[in-house]
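The model shown is predicted, which means the values in this text are computed figures rather than measured ones.
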Amino acid sequence: MKSLLFDYYMQIDYSVPVSKCNYTIKCIPQNTSRQKIENIKINLFPSSDYSIGTDGLGNSQIYGSNAEHTSFSFQISGEALTGIEMYEEKENESASMIFKHPYGLNKAGENIKKYYEKIASEVRSDDAYETSLSIMNKLHKDFSYKQLVTTTETTAEEAFSLGQGVCQDYAHIFISLLHLAKIPARYVTGLIIGEGASHAWVEILHNGYWYGLDPTNNTSVTTDHIKIGVGRDAKDCMINRGIMHGGGFHTQKITVKVEEIKK
């Protein structure tokens, strides 16, 4: 097990005033079988009343509204004890159905389907976890990490055709391949030591439990990972979402720190 301090800060500056904004923030890590979250602190600017609840997928969310402002920021910090168990949680059969089928940004196109056909004989196993590891190893070998070549709207098929992308793209492509292998899989957003931003990985269903795999780093989820939320694709667990009046164009600054608590 490992004790981690985490701090997530986002600031959005607008070229003209926003007269009103309704916001939803999904940046509170979950308590799971693998991790325990404590001492959560929430700071919002401008200060406003807010509520905390959960979405339809069980992700914690902060929601509220702001009056006129030209800058909006939030900071979420706390402590995470990680590595309590290897798995995240036991399967809820009714809730897991939506993770068994392609959706949104993780739908496989012709290039991903052809790639899966090419590697299928090498990766297939009677064990879903071993199959998933084999697919992840292949993807990590054949896909390259590169920033600024994709966007938050890039699909798995588009990123795979480029042959390069970031953690969101690795996760979407990996989910596409897992679905072709008939393995339920879901998108995860979270934090990791050394990243400096939010991170994304995948959970697969194996023997009735959800296990995390990180295709960007070609590893199972370790004590360095802090899970925030899950979804069918990245859009289901966007950290910040809002509806605003005014604002013009905007700039965004994100700072993430995750470090081990030395005993």
Chemist: Which residue, Gln75, Lys41, Lys257, forms the side-chain hydrogen bond (donor to acceptor under 3.5 Å, both in side chains) with Asp7?
Modeler: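 That would be Gln75.
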Chemist: Assess whether atom NZ of Lys107 is packed by more than 12 heavy atoms of other residues, nucleotides or ligands within 6.0 Å.
Modeler: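 Count not over threshold, so no.
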Chemist: With clusters defined by side-chain heavy atoms of hydrophobic residues (ILVMFWY) lying less than 4.5 Å apart, directly or transitively, does Tyr9 cluster with Ile226?
Modeler: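 The answer is no; the residues belong to distinct hydrophobic clusters.
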Chemist: Please give me the minimum heavy-atom distance between Ala185 and Val202, naming the atom from each residue.
Modeler: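 Closest approach of Ala185 to Val202: CB-CG1, 4.1 Å.
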Chemist: In a check of ring-ring contact (aromatic ring centres under 6.0 Å, His included) between Tyr23 and each of Phe72, Phe45, Tyr63, which one passes?
Modeler: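 That would be Phe72; it is the only one of Phe72, Phe45, Tyr63 passing the ring-ring contact (aromatic ring centres under 6.0 Å, His included) with Tyr23.
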Chemist: Aromatic rings Tyr211 and Tyr129: how do their planes relate, parallel, tilted or perpendicular, breaks at 30° and 60°?
Modeler: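 Tyr211 vs Tyr129 ring planes: perpendicular.
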Chemist: Between Leu81 and Ser3, what is the shortest heavy-atom contact and its length?
Modeler: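 Smallest heavy-atom distance, with atoms named: CD1-OG, 3.6 Å.
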Chemist: Looking at every non-hydrogen atom in both residues, tell me the closest pair between Ala159 and Thr154 and how far apart they are.
Modeler: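 Of all heavy-atom pairs spanning Ala159 and Thr154, the closest is N-CG2, 3.7 Å.
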Chemist: Strictly below 4.0 Å, N to O, side chains only: are Lys262 and Glu260 in salt-bridge contact?
Modeler: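 Salt bridge between Lys262 and Glu260, a charged N being under 4.0 Å from a carboxylate O: yes.
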Chemist: Is atom CG of Asp49 surrounded by more than 12 heavy atoms (other residues, nucleotides or ligands) closer than 6.0 Å?
Modeler: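 Atom CG in Asp49 is not crowded, with 12 or fewer foreign heavy atoms closer than 6.0 Å.
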Chemist: Pairing donors with acceptors under 3.5 angstrom, does anything connect the side chains of Thr24 and Gln61?
Modeler: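 No - no donor-acceptor pair under 3.5 Å links their side chains.
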Chemist: Mind telling me whether Tyr170 and His140 have parallel, tilted or perpendicular rings, with 30° and 60° as the class edges?
Modeler: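 Geometry flag for Tyr170 against His140: tilted rings.
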Chemist: Tell me, do Leu180 and Ile112 make a side-chain contact under 4.5 Å, heavy atoms counted?
Modeler: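 Yes. Closest side-chain heavy atoms under 4.5 Å.
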Chemist: Is the backbone of Ser60 close enough, under 3.5 Å, to the side chain of Asp55 for a donor and an acceptor to pair up by distance?
Modeler: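 Answer holds: no.
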Chemist: Would you tell me whether Asn111 and Ser161 have side-chain atoms, one donor and one acceptor, within less than 3.5 Å of each other?
Modeler: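 Per modelled atom types, Asn111 and Ser161 side chains form a pair under 3.5 Å.
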Chemist: I'd like to know whether Ile192 forms a side chain to side chain contact (heavy atoms under 4.5 Å, CB included) with Val258, so could you lay out the CA-CA distance, the side-chain angles of the two residues, the decisive distance to 0.1 Å, and finally the verdict.
Modeler: CA-CA 6 Å; Ile192 186 173; Val258 181; over 6 Å; no
Chemist: Taking NZ, NE, NH1 and NH2 as the nitrogens, is one of them in Glu203 or Arg186 under 4.0 Å from a carboxylate oxygen of the other?
Modeler: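 Yes, this pair counts.
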Chemist: Determine the minimum heavy-atom distance between Asn22 and Ser65, stating which atoms define it.
Modeler: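 So the two residues come closest at OD1-CB, 3.1 Å.
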Chemist: Set out, in order, the CA-CA distance, both residues' side-chain angles and the distance that settles side chain to side chain contact (heavy atoms under 4.5 Å, CB included) for Leu133 and Val123, then state yes or no.
Modeler: CA-CA 8 Å; Leu133 286 177; Val123 300; over 6 Å; no
Chemist: Does Leu205 belong to the same Ile/Leu/Val/Met/Phe/Trp/Tyr cluster as Phe174, with side-chain heavy atoms less than 4.5 Å apart forming each link?
Modeler: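 No, Leu205 and Phe174 fall in different hydrophobic clusters.
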Chemist: Begin with the C-alpha distance, continue with both residues' side-chain angles, and end with the deciding distance and a verdict on salt bridge (charged side-chain N to carboxylate O under 4.0 Å, His left out) for Glu38 and Lys36.
Modeler: CA-CA 7 Å; Glu38 295 182 327; Lys36 181 180 179 182; 3.5 Å; yes
Chemist: In plain terms, say whether Lys138 and Glu122 are close enough for a salt bridge, that is, a side-chain N and a carboxylate O under 4.0 Å apart.
Modeler: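 Salt bridge present between Lys138 and Glu122.
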Chemist: Is Tyr8 reachable from Leu44 through a run of I, L, V, M, F, W or Y residues, each pair having side-chain heavy atoms under 4.5 Å apart?
Modeler: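 Same hydrophobic cluster.
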Chemist: Just by distance, do the side chain of Glu68 and the backbone of Ser19 share a donor-acceptor pair under 3.5 Å?
Modeler: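 A pair under 3.5 Å: no.
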Chemist: Above 12 or not: heavy atoms from other molecules or residues under 6.0 Å from CD of Gln147?
Modeler: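 No - once you tally the heavy atoms of other residues, nucleotides and ligands closer than 6.0 Å, there are 12 at most.
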Chemist: So which atom in Glu130 and which in Ser125 form the shortest heavy-atom distance, rounded to 0.1 Å?
Modeler: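 Looking at all heavy atoms of both residues, the shortest contact is CB-OG, 4.0 Å.
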Chemist: Between the side chain of Arg124 and the main-chain N/O of Ala181, is any donor-acceptor distance below 3.5 Å?
Modeler: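 No: the side chain of Arg124 does not pair with the backbone of Ala181.
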Chemist: Can you check whether Leu105's main-chain N or O pairs, donor with acceptor, with Asp233's side chain at less than 3.5 Å?
Modeler: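 Yes; at least one donor-acceptor contact below 3.5 Å.
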Chemist: Give the C-alpha distance, both sets of side-chain angles, the deciding distance and a yes or no for side chain to side chain contact (heavy atoms under 4.5 Å, CB included) between Ser132 and Ile183.
Modeler: CA-CA 8 Å; Ser132 301; Ile183 298 172; 3.6 Å; yes
Chemist: In terms of relative ring orientation, are Tyr87 and Tyr209 parallel, tilted or perpendicular, with 30° and 60° separating the classes?
Modeler: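 Tilted.
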Chemist: Under 30°, 30 to 60°, or over 60°: which ring-plane class applies to Tyr14 and His250, parallel, tilted or perpendicular?
Modeler: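 Ring orientation of Tyr14 relative to His250: tilted.
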Chemist: Does any part of the side chain of Lys182, heavy atoms only, come nearer than 4.5 Å to the side chain of Lys100, both counted from C-beta?
Modeler: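 No, side chains not in contact.
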Chemist: For the atom pair CG (Asp214) and OG1 (Thr222), what is the distance rounded to the nearest 0.5 Å?
Modeler: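 With rounding to 0.5 Å, CG (Asp214) is 8.0 Å from OG1 (Thr222).
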Chemist: State whether Lys235 and Glu153 are salt-bridged, where the test is any N-O pair (Lys NZ or Arg NE/NH1/NH2 against Asp/Glu carboxylate O) under 4.0 Å.
Modeler: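 Here Lys235 pairs with Glu153 in a salt bridge, since their nearest N and O are under 4.0 Å apart.
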Chemist: When you measure from the side chain of Thr82 to the backbone of Lys2, do you find a donor-acceptor pair of N or O atoms at a distance under 3.5 Å?
Modeler: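 Indeed, once roles are kept as given, a pair shorter than 3.5 Å links the two residues.
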Chemist: With the 4.5 Å side-chain cut-off for hydrophobic clustering, are Phe74 and Leu191 part of the same group?
Modeler: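 The answer is yes; both residues are in one hydrophobic cluster.
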Chemist: Does Glu259 use its side chain to pair, donor to acceptor, with the backbone of Phe6 at less than 3.5 Å?
Modeler: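 Between the backbone of Phe6 and the side chain of Glu259 there is no qualifying donor-acceptor contact (under 3.5 Å).
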Chemist: Can you confirm whether Glu93 is buried at CD, in the sense that more than 12 heavy atoms of other residues, nucleotides or ligands lie under 6.0 Å from that atom?
Modeler: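 No, not enclosed.
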Chemist: If we ignore hydrogens and angles and just use 3.5 Å, is the side chain of Asn106 paired with the main-chain N or O of Pro102 as donor and acceptor?
Modeler: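 Judged by distance alone, no pair lies under 3.5 Å.
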Chemist: Quick one: does Val18's side chain get under 4.5 Å of Asn66's, heavy atoms only?
Modeler: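 No, too far: nothing below the 4.5 Å cut-off.
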Chemist: I'd like to check Tyr115 versus Leu177 (side-chain heavy atoms, cut-off strictly below 4.5 Å). Are they in contact?
Modeler: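 A side-chain contact under 4.5 Å exists here.
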Chemist: When you compare the side chains of Ser33 and Glu89, does any donor N or O come within less than 3.5 Å of an acceptor on the partner?
Modeler: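 No, Glu89 and Ser33 have no side-chain donor paired with an acceptor closer than 3.5 Å.
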Chemist: Is it possible for you to say whether Phe160 and Tyr103 belong to one hydrophobic cluster, with membership spreading through side-chain heavy-atom contacts below 4.5 Å?
Modeler: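 No: no chain of side-chain contacts under 4.5 Å links Phe160 to Tyr103.
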Chemist: Is it true that a side-chain atom of His69 and a backbone atom of Ala67 form a donor plus acceptor pair closer than 3.5 Å?
Modeler: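 Pair found, side chain donor or acceptor close to backbone of Ala67.
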Chemist: Sub-3.5 Å donor-acceptor pair from the side chain of His172 to the main-chain atoms of Ala234, do we have one?
Modeler: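 Looks like yes, one N/O pair under 3.5 Å.
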Chemist: Is there a donor-acceptor pair closer than 3.5 Å between any side-chain N or O of Asp169 and the backbone N or O of Val166?
Modeler: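 Here the side-chain-to-backbone pair exists.
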Chemist: Show the nearest heavy-atom pair for residues Phe99 and Arg232, with the distance to one decimal.
Modeler: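 Residues Phe99 and Arg232, closest heavy atoms: CE2-N, 3.9 Å.
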Chemist: May I have the step-by-step check of side chain to side chain contact (heavy atoms under 4.5 Å, CB included) for Ile239 and Lys26, ending in yes or no?
Modeler: CA-CA 5 Å; Ile239 286 179; Lys26 298 182 183 181; 5.5 Å; no
